[in-house]
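Chain naming here is simple, since letters A, B, ... match the order of the sequence lines and numbering starts at 1 in each.
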Protein chains: 2
Amino acid sequence: MSDRARTAAHSPTLEDVARAAGVSRATVSRVINGTRNVDPEIQRTVRDAVTATGYVPNRAARALVTRRADTVALVVSGAGADTGPPDADTGPREDGSVHGGEERDGDAGGPLFSDPFFGRIAAGVVEFLRPRGMHPVLMLAESPAARDQVFDYLRRGHADGAVLVSTHAADPLPARLVEAGVPAVLFARPPRPLPVSYVDLAHRDGARLAAEHLLARGCRRVATVNGPLDVLACQERAAGFQDAMARAGSPYFPSVEGNFTLESGERAMAQLLARHPGLDGLFVANDLMAQGALHVLREQGRRVPEDVAVVGFDDSSAARAARPRLTTVRQPVERMAAEMTRLLLEHVEQPDRSPASVIFEPTLVTRHSA
Amino acid sequence: MSDRARTAAHSPTLEDVARAAGVSRATVSRVINGTRNVDPEIQRTVRDAVTATGYVPNRAARALVTRRADTVALVVSGAGADTGPPDADTGPREDGSVHGGEERDGDAGGPLFSDPFFGRIAAGVVEFLRPRGMHPVLMLAESPAARDQVFDYLRRGHADGAVLVSTHAADPLPARLVEAGVPAVLFARPPRPLPVSYVDLAHRDGARLAAEHLLARGCRRVATVNGPLDVLACQERAAGFQDAMARAGSPYFPSVEGNFTLESGERAMAQLLARHPGLDGLFVANDLMAQGALHVLREQGRRVPEDVAVVGFDDSSAARAARPRLTTVRQPVERMAAEMTRLLLEHVEQPDRSPASVIFEPTLVTRHSA
DNA sequence: CAGCTCGGTGGGAGCGCTCCCATACCGGAA
DNA sequence: TTCCGGTATGGGAGCGCTCCCACCGAGCTG
């Protein structure tokens, strides 16, 4: 240890502040948290002493006695116990709704984080926590071993709770946390009912927005590229689109399933075009696949949006990088992440609170592709 | 507090393990960390007791006495105190070497994290830390207030040190941390000499690789799109390219400066093409601008790579999303981040260690654009 | 064989904090 | 005046851990 203490050496302690203010440790403590029954005059004195000494509470000491860490974990939890073989497609793994559950193969080193989706979530979480003097602990739980580690960490109370982005429907972590009584909030509705809070997007509404936009443009031969249908969000998107189309009197339209990668978008588009050369409108379940579709459309000499109008989903960076720029359904990921964090803190504060869900409405961002 | 303790309630303590093993607390402690002078027999007994009781050390208690948090911070530190007006360009802010120092305007909510660069860094850090049972605390310090908060957090020893990704040359945080004796490691060479460890890329070599590749392809009218030249890394890339060209007998070639965004790449390309319609080779300081260049090239009917060969930099997701796929200079960001973390832990362990630097060699990833 | 060193072990203090409890003091009712 | 309630304050215990120091016995040296 020797001079390890050097760094934080002689941080003033409660005792120091108490001495400076001429009161007891207990009183200073009361002023610092809660201010319960303390003479206003003394409160001022204490506060002055705090600033004078530059006192900052020692987290460890506080955590030791309160059994609270004053920290939350941001967990990105990967494939379930039954990890299937990763998708053969080795395309770019940018974009794609992380919350969905696409399984992209590993670039040897947490491909999950390379997902811009993750960045947006992190940003939302950090942004919310910071004014409260908190910072998230970043944890990755993509293997069973890692998951055990994360679970232990949480169960031992090293963090007060977890904001959980689960990328796979079979992920056992949410259930385990709930069972262990660890406060947690999920980024999407859990596939199986679980007494846990979550935030989600009204995927159906998003898809409806897309359908209506395409229809309003005058598209009459519409098709879709879905995401993997074992992902709840994708089912919802597909269903929402179907609904809207049916309501408009066109219950049938061709559709192909992709796996969220750009390459799968290219393949899907090629397939669609081969079978339905006359199509004039396309809804794609995420921006990255839409970008792929755009590539193929261009190769085959179709003008976008004149010949074929294309609407994506997510409003990720890919949407803005595509040419023409993608018209897309925007998910307010940052706000969703912030809300998720808010819910978590609420649960930490009041453990008996019943689970809540907050559903966000998507919006259509109109650019050039439709 | 009431039933807050519920969660971690009755975690077995050292005392419990000691009782179970029939030894003293001190001996168990010795076995758990370091195993110094403990009878092998007893060691076994203790280890058995640990697994039997399911003991996990209480971080807070340990931190309280060791004055070590057993945690490191991953800090993304933004613009300096003298924040200039953000770049007028509001293009996508995806990609672009975060370590450089481009200033992208804020999307109200930590645009930094949306940078895939950040994701790769986080992945590298987490990957390295995890086997050691550690997890980084994520901190954003893009405003002076936030920076103060981060600084305080670190100085108080709430984390043992920081892995620092500074996005702006004028960022005062590195110097402050060094001065305060907080262990830190930077992602790039500090603009001003500072006794601090860092990892970096041999940018010159990367640019040389690009130049040689272009030359070997037979390109004779080469041009470049640089990044902002107030960024060290970009200076290096420009200089490296210049060197290689000069060595090949072509000391002069047109070049334009961009600001790392896709749009600026489009502008730069248009400008270059207008003035030098005959160019047949292009080196762009990052992939995103290269993607923009590709757009313009296509619009103007130039075939890539037949008419114009294009080489990017970074090997970001943009490189793989572009069509044709970008040939680019790869930065091993994940490995760099891991090394950065390794260095940090070394410094935490041995505070007197002198600063070290580790420079990584880039490699050329040949795809279709050149 | 006394005196030592030294590897192995246990006891105790104390890290900085919160919280319980005792104490002191105030004013108003009996 | 005495007694009581309530409010403001201080003292002390103890959270779970590490580390210092005392201890003890075995094996060595002089």
In whole Å, I'd like the distance from the CG atom of L14(B) to the P atom of dG12(C). 17 Å

Of dC17(D), dG16(C), dC19(C), the nucleotide closest to the side chain of A26(A) is dC19(C)

Nearest whole angstrom, please: distance from the C1' of dG14(C) to the CZ of R67(B). 11 Å

Nearest atoms (heavy-atom pairs only) where A73(B) meets M139(B): CB-SD, 3.9 Å

Could you state the CZ-C1' distance from R68(B) to dC19(D), rounded to the nearest angstrom? 15 Å

Can you establish whether the number of heavy atoms outside R132(B) located under 6.0 Å from its atom CZ is more than 12? yes

Between R59(B) (CZ) and dC15(D) (C1'), how many Å, whole number? 18 Å

Taking the side chain of R25(A) as heavy atoms from C-beta outward, which of dT9(D), dT9(C), dA13(D) is closest to it? dA13(D)

When only distance counts, do a donor and an acceptor, one from the side chain of R30(B) and one from the base of dT18(D), lie under 3.5 Å apart? no

Does T13(B) have a side-chain nitrogen or oxygen under 4.0 Å from the phosphate oxygens OP1 or OP2 of dG16(D)? no

If you pin V23(B) and A61(B) to their nearest nucleotides in DNA chain C, which one's is more 5'? V23(B)

Provide, to the nearest angstrom, the distance between the CG atom belonging to N33(B) and the C1' atom belonging to dC17(D). 9 Å

Taking the six-membered ring of F151(A), is the NZ or CZ of R176(A) close enough (under 6.0 Å from the centre) and on axis enough (within 45°)? yes

Salt bridge or not between R130(B) and E127(B)? Use side-chain N to carboxylate O under 4.0 Å. yes

To the nearest Å, give me how far apart CD1 (I42(A)) and C1' (dT7(D)) are. 12 Å

Where the side chain of D39(A) is defined as all heavy atoms beyond and including C-beta, which of dT9(C), dA8(D), dC17(D) is the nearest nucleotide? dA8(D)

Rounded off to whole Å, could you give me the CG-to-P distance for the L64(A) and dT18(C) pair? 11 Å

Check the distance between dG16(D)'s C1' and D70(B)'s CG and give it to me in whole angstrom. 15 Å

May I ask you to verify if any side-chain N or O of T27(B) is less than 4.0 angstrom from the OP1 or OP2 atom of dG10(C)? yes

If you check every side-chain atom of V38(B), which of dC17(D), dT18(C), dT9(C) has the closest atom? dT9(C)

Taking 4.0 Å as the cut-off, does a side-chain nitrogen or oxygen of S29(A) come that near to OP1 or OP2 on dC17(C)? no

Looking only at heavy atoms, which two atoms of S197(A) and L343(A) are closest? And how far apart? CB-CD1, 4.4 Å

